[in-house]
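A note on names: the letters A, B, ... follow the listed sequences, proteins ahead of strands, and every chain is numbered from 1.
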Amino acid sequence: MTQFDTTYDHKKYEKKWWNHWKEGGWFHAQADSKKPTYTILIPPPNVTARLHMGHGLNNTIQDILIRWKRMQGFNCCWLPGTDHAGIATQMMVEKSLESEGTSRTELGRKKFLQKCVEWKDENGGMIIEQLKRLGASCDWDREAYTMSPQLSKAVRQIFVDLYSKGLIYRGERLVNWDPVLKTAISDDEVVSEEVNGNLWYYRYPLEGDAEQGVVIATTRPETMFGDTAVAVHPEDERYKHLIGKNVIVPFVNRAIPVIADDYVKSEYGSGCVKITPAHDPNDFEMGKRHDLPFINVMNLDGSMNEICPEPFQNLDRFEARKLVIKKLKESKLLEKTESNRHAVPFSDRSKVPIEPRLSKQWYVKMAELAKPAIEAAKSKELKFYPPSWEKTYLHWLENIQDWCISRQLWWGHQIPIWYCDDCGEVSTGLEDPSECSHCQSSNLKQDEDVLDTWFSSWLWPLSPFGWPEETQDLKTFFPSAVLITAPEIIYLWVARMVMVGYFTKGALPFKDVYFNATICDKQGRKFSKTLGNGIDPLKVIDQFGADSVRYTCVSLAPLGGRVKMAETDFEAGNKFINKIWNAYRFLMGKLDGKATVASLNPDVLDLPSKWLLHELSETAKVMDQYFDKYQISEAVEALFHLTWRSYCDWGLEAAKDALDGKPTEQREQTLSALVYVFEGIMRLAAPVMPFISEEIWQNLPAHPAWEKPDSLMIAKYPKVDDLPKFVEEAGQWKQVQDLISHVRSVRTQAKVPPKDKLAAFVRCDKQFSDLLGRCEKWISRLAGINALAAGEGIAKPEKCLVATGKGWTLYVPVGQYLDFEKEKSRLEAEVKRVERIVKGLEGKLNNPNFVKKAPKEVVEQSTAQLENMQGQLSSLRENLESISG
RNA sequence: GGGCGCAUAGCUCAGUUGGUUAGAGCACUAGCCUUACAAGCUAGGGGUCCUAAGUUCGAAUCUUAGUGCGCCCACCA
């Protein structure tokens, strides 16, 4: 006993078993294996990322499924890797350059990219090491990276394939222009801030009749030189008569049409809005809808350009705004000024408002690609867990917009497009072209932009396995089994992988998509850096151990949805681990150094042992069912119940009787059953809690019914068909358990000291009294009974408490402890409860429609139940009368 | 504003095609240092299954409306 600590110390074992697994090579999947394949692709974290709780949950779920399938004999490949994360990495590197007193533009593109590579080598991929602490059994030999030569080659290939099929085109779009940095920035670098501004109302006179006109309302009067329409709601009575006519833009004296569009809100402002398609995202959309001209009125630095009239030219946009208002006042066109608080997009970098700017971008045509992806979901070939996400997925795909794949960054895959200075045409190809494919000129310039990071990660099911080459890896590991990811990226990533899967291979990249829960704090707020409400997984792994963290995460998290988590929750996992450890200590103590135990012999095994064995097989069955449906938290709960409630609370307690005695065959059999079931529990627990289960499993004596490979992670997962079952005996023991619970309850009610032994009398049929006779030693030990009498003719003794169950009435004489008043009120409440049930059942059975229409089994069940409850009721009444009288 | 979803014990949630007395974990209460574990054992209290109407022999479960909440997308000139 002394060789075991009273608590499990994870620090002693985690490193040890991790190394054992690594040395065993069991993480690695063979491409030429004869076993069935099971592949999961890790959602590649940003190479800049640090492990957070969301990763913790997401990867624990993946590891559980992988370990479960591996133990079931599958050739499991869990592909790890990272994403080059264009924006995030570039921002990190720029930050460090800033601290060195230099900048991206100063270094130039080539040197900057060099810096990015250096940064990645030094700081990147830390999350990969952190995943190992969690116990993630990834195929580490296959670790992939979206900027590696292999994956970059795949990106190039898919670009060229799509281009050659006419699915990539160049189009115009508004980008977020930073007038200080004179560069476009990504959406992620734009922060929206509330500012106090004004809403100005001013008049645009009607063409040919300056007396008439419309009053528009705007927050950005300086863009008026780029106006190409004025829009009103089609049903707005105030303006209906003007639709189709022209108004004059003041100062530039340009005629623009009044158009009708649903987008306009009659009740906002004046109900009339100026449209500047080149300087506002909504106006841009409307410009496209109505085929309006796009007029850019600004220079790259945000000053007004030559299109604007003389006094405004070269003024900064905010100076121009002031002057516009001044001039409008002078011209008596300004009607009124309202203060207006509204959101303005700011550049996160330079802290100035961004200016939407028209520019050429590359797009992927999505409509055709989406078709098979839609079909896959509709036909249920592609399934979502929980299924409610299917609608979201379909809604997006059915209204899909073309995908803008160019990003104004340097870090990433530079767009493989070359512009010819001579003929103006573009060239592309798998190799960098040395001459224009149209005019053979060598005056080529590559597009400055890079591809969206998702344009490389949508190939994740393919490129890490060697695509476009038809490698053995690709043949074996594509498609994967299930994708475990966060619902936020259903469009960005999930749907796109499906589309490219069909485009390249004509197949789904995965059949199941599981969305894990979002982790929140106890107030239901998402974990976020800015709130600082997150839990650091590494900290809790240090404190409680990886097994505790894994167990707690999945037990708290239902499929989908949200999980409210606090650091104290991990104590629950820790308690469970400790319980397992102590069961192990107890068992090892009783085994007394034995290296092996006897084979199970059903002829000798006692009733509680058979029940426990049966519980194991039942749990193995339901856990498989839950895992199959990705209901991890339910599966883990079943494991908890088996371990704690069944094995420890009942199994070990009942076994003490045999274990305390001399070394008989009975004792050997009880030990055999305990070892067998405990090993079964370790195997069931291995996917969830790999470290403690491995430590224990390695030390358990060999049981003839379990094989013993080099590691639990490659041992056979318990299969319900192979496990012993004792349906009848299990049912019998459950009846005994029920009786024991009632005796304990009665004792507590009478406040009988736990150490005092009592007698018990049970009125029941012969079958049940025989059963009780066989179980007397356990009833005695577990219920504190020193004399048991059971049978049909048992009379009610004096001064006793009574309890009823299915087919039996229990009398426990409690003598001095009996409090008549209390017992009377308890019995009255009990009688009332049973009466209510009886009444309900009678009502049901007296209803001719019920008897006529309900299924036969339901009617029979109700009849039998009524009989049972009536029996209980009469026993209770009898006792109540005797106590009252 | 558009789309989707949720509402069951104090909290987090199960409840499988409508059918036993609606369950679990945590929390709470009481009694126990019973030699594996006080990070424990035993027992217990606690629910008009959001509201209203409907379908049905029968509704937590199905339908409709209302209320409250959440998520995603788009955001107001």
Practice task
Classify the ring geometry between A/Y491 and A/W396 as parallel (under 30°), tilted (30 to 60°) or perpendicular (over 60°).
Solution key: parallel

**Whole-angstrom distance between B/U63 and B/G18, as gauged at atom P** = 11 Å

Here the distance between atom C1' of B/U16 and atom CD of A/Q631, to the nearest Å, is 9 Å

Touch check for A/P848, heavy atoms < 4.0 angstrom, all strands: base, sugar-phosphate only, or nothing? nothing

A/I400 atom CD1 is separated from B/G2 atom C1', nearest whole Å, by 18 Å

Sugar-phosphate only, base, or nothing, as touched by A/K656 at under 4.0 Å among non-hydrogen atoms: base

### Task
Please state the P separation for the pair B/G15 and B/A24 - nearest whole angstrom.
15 Å

Separation of the C1' atoms in B/A52 and B/A59, to the nearest angstrom: 15 Å

Exercise. Using the C1' atoms only, state how far B/A7 lies from B/G44, rounded to an integer number of Å.
Key: 29 Å

Atom CE of A/M623 and atom P of B/A14 are separated, to the nearest Å, by 18 Å

*Would you say B/C4 has OP1 or OP2 under 4.0 Å from some side-chain N or O of A/K391?*
no

Rounded to whole Å, CD1 of A/I632 lies from C1' of B/U12 at a distance of 18 Å

**Message:** Base, sugar-phosphate or nothing for A/D283? Non-hydrogen atoms, less than 4.0 Å.
**Reply:** nothing

Report task. Taking only Lys NZ, Arg NE, NH1 and NH2, and the carboxylate oxygens of Asp or Glu, determine whether A/E653 and A/R781 approach each other closer than 4.0 Å. Result -> no

By nearest-nucleotide position on RNA chain B, the 5'-leaning member of A/K629 and A/H395 is A/H395

Tightest non-hydrogen contact, residues A/L394 and A/A377, listed as CD2-CB, 4.0 Å

Is A/N582 close enough to B/A39 that one of its side-chain N or O atoms is under 4.0 Å from OP1 or OP2 there?
no

To the nearest angstrom, the CH2-P distance between A/W389 and B/C6 comes to 12 Å

Base, sugar-phosphate or nothing for A/G573? Non-hydrogen atoms, less than 4.0 Å. nothing

A/E842 atom CD is separated from B/U21 atom C1', nearest whole Å, by 15 Å

| task | Give A/T6 one of three labels, base, sugar-phosphate or nothing, depending on what nucleic acid heavy atoms sit under 4.0 Å from its own. | result | nothing

Here the distance between atom P of B/C37 and atom CH2 of A/W581, to the nearest Å, is 14 Å

Checklist line | SB check A/R833 A/E828 (cutoff 4.0 Å) | finding: no

NA contact type, A/F576, heavy-atom cut-off 4.0 Å: base, sugar-phosphate, or nothing? nothing

The residue, A/K755 or A/E637, whose nearest nucleotide of RNA chain B is more 5′ is A/E637

Tell me what A/A854 touches on the nucleic acid: a base, only sugar-phosphate, or nothing, going by heavy atoms under 4.0 Å. base

Using atom names, set out every protein N or O paired with an N or O of nucleotides 41-43 of chain B below 3.5 Å, distance rounded to 0.1 Å.
{"unit_1": "B/C41", "atom_1": "OP1", "unit_2": "A/K579", "atom_2": "NZ", "d": "3.1"}
{"unit_1": "B/C41", "atom_1": "OP1", "unit_2": "A/W644", "atom_2": "NE1", "d": "2.5"}
{"unit_1": "B/C41", "atom_1": "OP1", "unit_2": "A/D649", "atom_2": "OD1", "d": "3.2"}

Here the distance between atom C1' of B/G58 and atom CD of A/Q861, to the nearest Å, is 14 Å

Q | Separation between the C1' atoms of B/G47 and B/U21, rounded to whole Å | A | 14 Å

Donor-acceptor pair, A/D547 side chain versus A/I692 backbone, under 3.5 Å?
yes

Residues 855-868 of chain A vs side chain to side chain donor-acceptor pair (under 3.5 Å), sequence neighbours excluded, gives A/N868-A/Q872

Under 4.0 Å, heavy atoms only, any strand: does A/N574 hit a base, just the sugar-phosphate, or nothing?
base

_Please give the distance between the C1' atoms of B/C62 and B/C73 as a whole number of Å._
31 Å

>> Regarding A/I275, tell me which of base, sugar-phosphate or nothing describes its non-hydrogen contacts under 4.0 Å with the strands shown.
In response: nothing

Run the ring-ring contact (aromatic ring centres under 6.0 Å, His included) test on A/Y385 and A/Y514 for me, step by step, so that the C-alpha distance in whole Å, both residues' side-chain angles and the decisive distance to 0.1 Å come before the verdict. CA-CA 5 Å; A/Y385 297 84; A/Y514 172 104; 7.5 Å; no

Residues A/V513 and A/F515: closest non-hydrogen pair is CG1-CZ, 3.6 Å

- Message: Suppose you measure atom C1' in B/G5 against the same atom in B/G23; what distance do you get, rounded to whole Å?
- Response: 24 Å

*Intermediate values then yes/no, ring-ring contact (aromatic ring centres under 6.0 Å, His included), A/W389 and A/F384*: CA-CA 6 Å; A/W389 286 100; A/F384 293 95; 8.5 Å; no

*In whole angstrom, give me the gap between the P atoms of B/U34 and B/U48.*
40 Å

Is there a donor N/O on one and an acceptor N/O on the other, under 3.5 Å, for the side chain of A/R833 and the base of B/U21? yes

